[in-house]
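Please read these numbers as outputs of a predicted model, since none were measured by experiment. Just so it is clear, the values below take in all heavy atoms, side chains as well, and ignore hydrogens, waters and symmetry mates.
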Amino acid sequence: MKPQRNWYENPTKNDMLFVVIGGLTGFILLLLSMTNFFNESPFKTRYTFMYLLLLGSGMTIFHVCKNYFKKMVEQVFTESNC
């Protein structure tokens with residue numbers, strides 16, 4: 001049986017692009033749906049839950065991008081040493 005690939009720990013380029021585009025789209029849609037963005041400031045204490053959701057999503061995007069670029073750097077160094 002073939003081991004399953006983990007998109008979070010070992011992302012491909014398509015995985016990273018999907019997470020970044022999906023995350024940014026989610027940021028915008030969440031901001032627009034939970035606040036009356038065009039008429040009032042989203043920086044109020046009643047939007048604490050929204051901030052937590054955005055923080056969690058942002059951390060996921062950051063870690064997927066970090067893991068992708070770490071994998072790319074490792075591949076460059078292993079190919080250059082051969």
Undergrad: Using atom types as modelled and distance alone, determine if a side-chain donor or acceptor of Thr35 lies under 3.5 Å from a backbone N or O of Leu32.
TA: no
Undergrad: Can you get from Leu24 to Met50 by hopping between Ile, Leu, Val, Met, Phe, Trp and Tyr side chains that sit under 4.5 Å apart?
TA: yes
Undergrad: I'd like to know if the side chain of Asn67 and the backbone of Tyr8 have a donor-acceptor N/O pair within less than 3.5 Å.
TA: yes
Undergrad: Does anything in residues 13-30 form a salt bridge (Lys or Arg N to Asp or Glu O under 4.0 Å)? List the pairs, not counting sequence neighbours.
TA: Arg5-Asp15
Undergrad: Which heavy-atom pair separates Asn10 from Lys71 by the least distance, and what is that distance?
TA: OD1-CD, 2.8 Å
Undergrad: What is the distance from atom OG1 of Thr48 to atom CG of Leu55, rounded to the nearest 0.5 Å?
TA: 12.0 Å
Undergrad: Applying side-chain hydrogen bond (donor to acceptor under 3.5 Å, both in side chains), name anything that partners Tyr68, two or more places apart in sequence or on another chain.
TA: none
Undergrad: Return the set of residues passing side chain to side chain contact (heavy atoms under 4.5 Å, CB included) with Ser57 (not counting sequence neighbours), or none when no residue passes.
TA: Phe27, Ile61
Undergrad: With a sphere of 6.0 Å drawn around NZ of Lys66, does it hold more than 12 non-hydrogen atoms of other residues, nucleotides or ligands?
TA: yes
Undergrad: Is there any salt bridge (Lys or Arg N to Asp or Glu O under 4.0 Å) pair reaching into residues 19-38, and which pairs are they, with sequence neighbours excluded?
TA: none
Undergrad: Check side chain to side chain contact (heavy atoms under 4.5 Å, CB included) between Thr25 and all other residues, then give those that pass, not counting sequence neighbours.
TA: Ile21, Leu29
Undergrad: Counting C-beta onward and ignoring hydrogens, is there a side-chain heavy-atom pair between Thr12 and Trp7 closer than 4.5 Å?
TA: no
Undergrad: Hydrophobic clustering (ILVMFWY, side-chain heavy atoms < 4.5 Å, transitive) - are Val19 and Ile28 grouped together?
TA: yes
Undergrad: For Tyr51, give me all partners under side chain to side chain contact (heavy atoms under 4.5 Å, CB included), at least two apart in sequence or on another chain.
TA: Phe43, Tyr47
Undergrad: Among the clusters formed by ILVMFWY side chains lying less than 4.5 Å apart, do Leu30 and Leu52 turn up in the same one?
TA: no
Undergrad: Please tell me whether Leu53 and Leu31 are part of a single hydrophobic cluster in this structure, the criterion being side-chain heavy atoms less than 4.5 Å apart.
TA: yes
Undergrad: Going from CZ on Phe49 to CE on Met34, what distance comes out if it is rounded to the nearest 0.5 angstrom?
TA: 6.5 Å
